[in-house]
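The structure under discussion appears below in the form of C-alpha cells.
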Amino acid sequence: MTVSGTASFSASQPQQPQPPSRPYDPRYDPLVAPDPGAGRAYAPTWWVASAGTPPEDDGPLVRDIDVDVAIIGSGATGMSTALYLAQEHGIQATVLEANQASWGCSSRSGGQGQNASGRLKRSQWIQRWGLDTARRLDAEIRGGFENFKQLTTQIDCDAFDGGHLYLAHRPEKLAVLEAEARVMREQFGYATRMLTAEEVRRDYCDEREAAGAMFEPEGVGIHPLKFTFGLMRKARALGVKVHTSSPVQGWQTIDGVHHLQTPGGVVRARRVAVCTGGYTGQALSPLLKNRIMPILSNSVVTRPLTEAELQATNFRSLTFLTDTRTLRFYYRLLKGNRLQIGSRSSVSGADAEHPVHLKLLTDAIARKFPPLAGIRIDYSWWGWVDMSHDMMPRITQPEPDRKIWYAVGYGGNGVSFSTWAGKRLAERVAGRDTGKDVFELPIYKSALPFPNVLGLVESPAFAPFRRIGQRMLYKWYWLRDEK
C-alpha cells in the first residue's frame with residue numbers, strides 16, 4: 001500500500017451559480033498549503049467578470065463512489081482530457097475540482113494561444129535534442145496548435161486569430177529575434193518575419209519601447225475562461241461528471257485501486273489523471289512532489305480606452321504581444337477596448353498582495369503607452385504557472401506499474417497546447433499509446449525532473465532552496481534586462 005498527502009478537511013459547498021461558501025484566498029501558495037481549499041471563490045479576474053454564468057456542474061461529492069477514471073483538476077487540460085476520453089474512447093471520467101470549475105489557470109491566464117509549450121524556443125530544442133527530434137516535436141506542438149485553433153471556432157471565446165508579436169524591448173535584442181526567425185523559417189518552414197519599430201507602430205500599436213519585432217502568424221488570443229467553460233459543456237454533454245468543492249486531501253493506493261479522499265467522500269478509481277498545473281500541492285502525490293516550481297504571474301485589466309486614447313496609442317489590432325525581457329511582459333488590447341498586461345513579479349503567495357507588484361505593471365503601461373499613464377485599473381489578480389525544472393512539459397505515466405498519469409509543466413505556454421495534452425493524455429489513460437512513435441518524444445517519454453544545479457545535478461535535496469534561488473535570479477534578470 002502507498003500513501004500520498006493526508007490532511008484534515010471541512011465540509012463546504014454551494015453549487016454554481018450560487019455564491020461559494022468560502023472567500024477567495026489571495027495568499028494561497030502550492031509550496032506551503034496542503035491543498036487549494038474547498039469551495040473557494042474565483043480570483044477577481046476580468047475573465048470571471050465577463051464569462052457569463054458558469055456551466056452546470058455536479059456539485060460537491062457527498063458520498064463514496066467507484067469510478068473507472070478520476071481526473072484531478074477542471075482546467076483546460078482536465079476538461080479536454082475528459083472530453084477526449086468520452087468522445088474518442090467511450091470512457092466517461094469523473095472530474096474532481098477543489099473549488100469552482102476552471103478555478104486555476106483557466107480563469108487567470110493571459111489567454112495567449114501560441115504555437116508553443118514550455119519555455120524553450122525551437123532553436124533551443126535543436127541544441128538539446130538535435131534537429132530530427134526538434135522537427136518531430138515541432139510537428140506535434142504545431143498539430144496541437146491547429147487542434148486548439150479549430151476548437152476556438154466551435155466555442156464562443158472571443159477568439160482573435162491575429163498571430164503573435166515578439167517585441168525587442170532593446171535594440172540589442174533584435175539580433176536574437178532575427179536568429180530565431182531564421183531558424184523557424186529555414187528549419188521548420190514557418191512564415192515568421194521581422195518588423196521594424198516603425199512597422200509595429202504603424203500597423204499594430206504605438207508601443208514606445210519596441211525596437212522592432214518578430215511576427216509569428218500562428219497565434220490566437222482567447223477569453224480563457226469562456227474557452228474552458230465551452231470544453232466543460234462539451235464534456236458534460238457526453239456524460240462526464242464534474243464535482244466542484246471536492247479537493248483531493250488524501251490519497252491511498254490499495255491493491256491497485258486509488259482511494260482519493262475528498263471532504264464529502266472517497267473516490268475509488270482504477271485510473272487517475274492529474275491535471276492540476278501550477279496549483280499542484282506538495283501533498284497531492286509523491287510522483288509530483290518537488291517536480292513543479294510554481295511561479296506567480298501578476299495581471300491587470302484597465303477600464304475601456306476612450307476613442308482619443310485609442311488614437312493616441314494607435315491600436316489597430318487585437319494581436320497579442322510579448323517582449324524580450326527574461327521576466328517578460330505579455331499584453332494586448334481586448335475586445336471592448338480594455339488593455340490587459342501581465343508579468344512575473346512576486347515570489348511567494350504571502351508576498352503577492354504587496355503594492356510593488358501592481359506598480360510594476362502600471363509603470364510598464366506608462367512606459368509602453370505613455371498616453372495611458374495613470375489609467376484606472378479595473379481588475380488586478382495573480383495566478384500560479386507550472387514551471388518544470390527543465391522548462392518543458394510532460395504528459396506521461398511516470399511509473400509503468402501504477403495507473404497514474406499527469407500532464408503539467410507548460411511554463412506559461414499552455415493556452416493552446418493544454419487541449420492537445422489532454423487529447424494525448426486521454427490516449428494514454430485509455431491504453432491507446434502503445435507502439436506509437438510520437439510517445440517517444442521527450443515530453444511524453446520521461447517523468448518531470450527534480451531541481452538541478454547549473455543543469456548538472458538533479459535532486460529533490462535542492463527543492464527547499466528554490467525560492468532563495470528564484471529571488472536572486474529575479475534580481476539578476478532585472479539588472480540584465482533594465483540596466
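W46 meets the ring pair (Phe, Tyr, Trp, His ring centres under 6.0 Å) test with Y379; sequence neighbours excluded. With sequence neighbours left out, F227 forms a ring pair (Phe, Tyr, Trp, His ring centres under 6.0 Å) with F148. By the ring pair (Phe, Tyr, Trp, His ring centres under 6.0 Å) test, F229 is found to be paired with no residue, residues two or more places apart in sequence or in another chain being considered. Every residue was checked against the ring pair (Phe, Tyr, Trp, His ring centres under 6.0 Å) condition with H243, not counting sequence neighbours, and none meets it.
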Do D58 and R236 pass the salt bridge (Lys or Arg N to Asp or Glu O under 4.0 Å) test, and can you show the C-alpha distance, the side-chain angles, and the key distance before you say yes or no? CA-CA 9 Å; D58 296 284; R236 290 192 81 249; 3.0 Å; yes
Run the numbers on D351 and R467 for salt bridge (Lys or Arg N to Asp or Glu O under 4.0 Å), then give the verdict. CA-CA 12 Å; D351 181 54; R467 286 256 165 95; over 6 Å; no
Apply the test side chain to side chain contact (heavy atoms under 4.5 Å, CB included) to residues S343 and L361: give CA-CA distance (whole Å), side-chain angles for both, the deciding distance (0.1 Å), then the verdict. CA-CA 7 Å; S343 187; L361 298 179; 4.0 Å; yes
Applying side chain to side chain contact (heavy atoms under 4.5 Å, CB included) to M392 and W129, what does each step give before you reach the verdict? CA-CA 12 Å; M392 289 298 288; W129 296 299; 3.8 Å; yes
What's the verdict on side chain to side chain contact (heavy atoms under 4.5 Å, CB included) for Y330 and I341, showing C-alpha distance, side-chain angles and the deciding distance? CA-CA 6 Å; Y330 54 92; I341 186 169; over 6 Å; no
Applying side chain to side chain contact (heavy atoms under 4.5 Å, CB included), run through M232 and V95 and close with a yes or a no. CA-CA 10 Å; M232 181 174 168; V95 180; over 6 Å; no
H164 and F320: CA distance, side-chain angles, deciding distance, ring-ring contact (aromatic ring centres under 6.0 Å, His included) verdict: CA-CA 6 Å; H164 167 225; F320 57 77; 5.3 Å; yes
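With rounding to the nearest 0.5 angstrom, the CG atom of L83 is 4.5 Å from the CD atom of Q87. E218 contributes atom CD, which lies 5.5 Å from atom CZ of R142 (distance to the nearest 0.5 angstrom). Rounding to the nearest 0.5 Å places CG of L137 at 11.0 Å from CD1 of I126. Distance check, rounded to the nearest 0.5 Å: CD1 of I295 to CZ of R344 gives 8.0 Å. Taking CG of L425 as the reference point, atom CD of Q397 lies at 10.0 Å (rounded to 0.5 Å). Of the inter-residue distances, the one linking S285 atom OG with W251 atom CH2 reads 4.5 Å to the nearest 0.5 angstrom.
A donor-acceptor pair under 3.5 Å is formed between the side chain of T262 and the backbone N or O of G265. N413 places a side-chain N or O within donor-acceptor distance of the main-chain N or O of G118, the cut-off being under 3.5 Å. Between the Q112 side chain and the V415 main chain, no donor and acceptor come within less than 3.5 Å of each other. Without hydrogens or angle criteria, T362 side chain to K359 main chain gives a donor-acceptor distance under 3.5 Å. For the pair T45 (side chain) and V48 (backbone), a donor-acceptor distance under 3.5 Å is present. Of the possible donor and acceptor atoms, one in the side chain of Q100 sits under 3.5 Å from a partner among the backbone N and O of R40. Between the side chain of W103 and the backbone N or O of A41 there is at least one donor-acceptor pair closer than 3.5 Å. One N or O on the side chain of S416 and one on the backbone of Q114 form a donor-acceptor pair closer than 3.5 Å. Checked by atom type and distance alone, the side chain of R332 pairs as donor or acceptor with a backbone atom of G110 at under 3.5 Å. With hydrogens and angles disregarded, no donor-acceptor distance shorter than 3.5 Å links the side chain of S102 to the backbone of S106.
Minimum interatomic distance between F145 and V220 (heavy atoms only, all atoms of both residues): CZ-CG2, 4.0 Å. Taking each heavy atom of S418 and G414 in turn, the nearest pair found is OG-O, 2.6 Å. The two residues S388 and P393 come nearest to each other via the heavy atoms OG-N, 4.5 Å. For the pair A461 and P464, the tightest heavy-atom approach, listed with the atom from each and the gap, is O-CD, 3.3 Å. Smallest separation of non-hydrogen atoms from Q92 and G239: NE2-CA, 3.6 Å. Nearest heavy-atom pair, G278 versus P30, reported as atom, atom and distance to 0.1 Å: O-CG, 3.3 Å.
Between D323 and R328 there is no salt bridge, since no side-chain N of the basic residue sits under 4.0 Å from a carboxylate O of the acidic one. Using a cutoff of 4.0 Å between basic side-chain nitrogens and carboxylate oxygens, K423 and E88 are scored as salt-bridged. A salt bridge between K149 and D161 is present, with a side-chain N of the basic residue lying under 4.0 Å from a carboxylate O of the acidic one.
When each of N298, L358, V301 is paired with S380, the side chain to side chain contact (heavy atoms under 4.5 Å, CB included) condition holds for L358 and for no other. Residue Y444 is tested with R428, R394, E140, K436 for a side-chain hydrogen bond (donor to acceptor under 3.5 Å, both in side chains); the sole match is E140.
A cation-pi arrangement is found for R424 relative to F439, the charged atom lying closer than 6.0 Å to the ring centre and inside a 45° cone about the ring normal.
Side-chain contact between V248 and L284 is present, with heavy atoms from C-beta onward closer than 4.5 Å. For the pair L151 and T419, the minimum side-chain heavy-atom distance is below 4.5 Å. By the 4.5 Å heavy-atom criterion applied to side chains, Y28 and Y279 are counted as neighbours. Inter-residue side-chain proximity for V267 and Q261 is flagged as unmet; no heavy-atom pair is nearer than 4.5 Å. You'll find the side chain of N115 stays beyond 4.5 Å of the side chain of E216, heavy atoms only. D386 is listed as a side-chain neighbour of Y410, based on a closest heavy-atom distance under 4.5 Å. Between L288 and V408 the shortest side-chain heavy-atom distance falls below 4.5 Å. Side-chain contact between L225 and H223 is present, with heavy atoms from C-beta onward closer than 4.5 Å.
For the salt bridge (charged side-chain N to carboxylate O under 4.0 Å, His left out) condition, the pairs that include at least one residue of residues 271-294, sequence neighbours left out, are D68-R271. For residues 94-123, the pairs satisfying salt bridge (charged side-chain N to carboxylate O under 4.0 Å, His left out) are R122-D138, with sequence neighbours left out.
Taking the six-membered ring for Trp and the full ring otherwise, the centers of F450 and H389 sit at least 6.0 Å from each other. Side-chain rings of H357 and W382 stay apart, their centers remaining 6.0 Å or farther from each other.
Checked by atom type, the side-chain pair Y474/S345 shows no donor-acceptor distance below 3.5 Å.
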